[in-house]
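Please read the structure below before turning to the comments.
Because the structure is a prediction, the values reported are computed rather than measured.
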Amino acid sequence: MQRTKRCTVFRALGRQRMFAAPPRVALYKLSLRAMSTAPKPANEPARPRPSASLIVVNADNEVLLVHRNPNATSFAGMHVFPGGNFDAAQDDSYQLTAIRETFEEAGVLLASGTSTGAAPPSDATLDAARAAVHANRTRFADFLRQHGLAADTRALLPFTEWITPPPAPRRFHTRFYVAFLPADAPAHGFAAGAAQHRLPTPDGGQEVVAARFVRPRVALAEHAARRIALMPPQHYLLSTLADALERGGAARVRALAAGAFGRMVVEPRAGRRDAEGRTPLVFEGDEARGGPEGRLHRALVRLSPETKLPMDIVLLRNFDVFTELEVPAKGAEPSKL
């Protein structure tokens, strides 16, 4: 089989420096060691690990999905957006985590040229850097600096946060971001103000076994037919993106990110299993969590008996996320579960 040409995306924004880490990231840097060494009571839920994930949208309104290695320790065999844990040794912001993980897992690099006329790294250099950064032999920031690049953190827009609910043994607090590839990028070559595309590729099986761009509606249909498996956050966000991209394209998604949706923090709560064996995951704003009577904001999830991972997901959301979404103050909601 002929090997598909890889792709990297470079976007030139002039001599911009990367954003400094927000204060909460600095707090995580100081507290991660204490979190890992302090004794935890037996009945205390696992602490959510800070992480970030990037939804990359191309000019054809397709999103980047990676297929996790079936032997991976987290989300084995699932189709997800590229992402991973915040690494204090590599990252100075959650945006950088998302960009670094997308480069490692799919070979897609969102970076800005810091000087005009600089030649981009070769394919071989990029692939070697992916492996070295993944193995922590090279700092991602050092690789970028050596090649006159800076991570394009300003291109990332917030697109909800999700916290794995207890009693899951591995919990994450994931910041999702969305970014758009330029429509006028040339197919080959690189210059200041332009972009070079390489098709996404897996990382050789270290974490992912496949990577591709696919329309959100197609991915949801594949999931419904049980050809691919999705986690609830990915299903929820793909459903939201399918509607937004079909109705207004990138502009509508940007508007979502700029509003209450982009700031929404979701910590699902599991309800009682229904007659069909589906477990409701109830989200913030649902009538069972203090929302208006009749308001549905939940997903019905059927787990695989073998893997205990989601097999079927049905999203129930009967309100407009543009005009009717309310983000409650944390701890302010009564529970009717």
Side-chain angles (χ1 to χ4, degrees), residues 43 45-48 53 55 78 80-81 157-168 171-178 216-217 219-221 223-224 229-248 252-304 308-337:
N43 59 347
R47 297 181 179 90
S53 183
I55 305 168
M78 309 300 289
V80 299
F81 309 117
L157 307 176
F159 212 65
T160 72
E161 301 179 17
W162 289 69
I163 302 174
T164 311
R171 301 179 65 208
F172 301 90
H173 183 164
T174 305
R175 281 83 175 165
F176 286 89
Y177 299 95
V178 63
R217 193 73 67 189
L220 291 168
H223 168 73
L230 299 170
M231 297 297 290
Q234 282 73 20
H235 184 276
Y236 184 100
L237 294 174
L238 283 170
S239 300
T240 303
L241 286 165
D243 292 338
L245 289 170
E246 290 168 3
R247 295 181 183 182
R252 191 167 179 85
V253 176
R254 291 180 186 276
L256 260 182
F261 184 87
R263 303 189 306 272
M264 181 172 66
V265 179
V266 183
E267 187 170 0
R269 293 183 183 175
R272 292 184 179 88
R273 191 175 300 177
D274 67 12
E276 298 182 36
R278 302 175 302 183
T279 300
L281 292 182
V282 185
F283 308 138
E284 283 72 5
D286 186 279
E287 66 174 357
R289 295 187 61 179
E293 184 176 357
R295 170 72 60 86
L296 296 179
H297 194 202
R298 61 182 69 182
L300 302 178
V301 181
R302 190 192 314 276
L303 300 180
S304 165
K308 307 303 180 184
L309 292 172
M311 185 169 59
D312 298 314
I313 303 175
V314 176
L315 175 63
L316 301 179
R317 186 175 62 189
N318 62 355
F319 61 94
D320 187 341
V321 294
F322 274 93
T323 60
E324 300 178 282
L325 180 64
E326 298 177 358
V327 180
K330 191 169 182 62
E333 60 179 52
S335 176
K336 304 175 187 176
L337 294 177

Return the set of residues passing side-chain hydrogen bond (donor to acceptor under 3.5 Å, both in side chains) with [X] (not counting sequence neighbours), or none when no residue passes.
X: Arg278; result: Asp274
X: His235; result: none
X: Thr240; result: Arg317
X: Thr279; result: none

For [X] and [Y], work out which heavy atoms get closest and say how close.
X: Leu220; Y: Ala242; result: CD1-CB, 4.3 Å
X: Pro165; Y: Pro268; result: CB-O, 3.1 Å
X: Gly294; Y: Asn318; result: O-ND2, 2.9 Å
X: Leu230; Y: Ala219; result: CD1-O, 4.5 Å
X: Pro45; Y: Pro166; result: CB-CB, 3.7 Å
X: Ala258; Y: Arg263; result: O-NH1, 4.2 Å

Quick one: do Glu324 and Arg295 satisfy side chain to side chain contact (heavy atoms under 4.5 Å, CB included)? Show the steps, please. CA-CA 10 Å; Glu324 300 178 282; Arg295 170 72 60 86; 4.1 Å; yes
Set of residues satisfying salt bridge (charged side-chain N to carboxylate O under 4.0 Å, His left out) with respect to [X], sequence neighbours excluded:
X: Glu246; value: Arg217
X: Asp312; value: Arg226, Arg302
X: Arg171; value: Glu267

[atom1]-[atom2] distance between [X] and [Y], expressed to the nearest 0.5 angstrom:
X: His223; Y: Gln234; atom1: NE2; atom2: CD; value: 11.0 Å
X: Ile313; Y: Leu303; atom1: CD1; atom2: CG; value: 9.0 Å
X: Leu237; Y: Thr160; atom1: CG; atom2: OG1; value: 4.5 Å
X: Leu157; Y: Tyr177; atom1: CG; atom2: OH; value: 10.5 Å
X: Met264; Y: Phe159; atom1: CE; atom2: CZ; value: 9.0 Å

Where do Leu281 and Phe283 land on the side chain to side chain contact (heavy atoms under 4.5 Å, CB included) test, with the steps shown first? CA-CA 6 Å; Leu281 292 182; Phe283 308 138; 4.1 Å; yes
Has the side chain of Thr164 got a donor or acceptor atom that lies under 3.5 Å from a matching backbone atom of Phe172? yes
Counting only N and O atoms by type, is there a donor-acceptor contact under 3.5 Å from the side chain of Glu161 to the main-chain atoms of Arg175? no
Apply side chain to side chain contact (heavy atoms under 4.5 Å, CB included) to residues Tyr236 and His297 and explain how you reach the verdict. CA-CA 10 Å; Tyr236 184 100; His297 194 202; 2.7 Å; yes
Counterpart residues, side-chain contact (heavy atoms from CB on, under 4.5 Å), relative to [X] (two or more places apart):
X: Pro158; answer: none
X: Ala244; answer: Arg252, Val253, Leu256
X: Ser53; answer: Phe81, Thr174, Phe176

Sequence neighbours excluded, which residues qualify as ring-ring contact (aromatic ring centres under 6.0 Å, His included) partners of Phe322? none
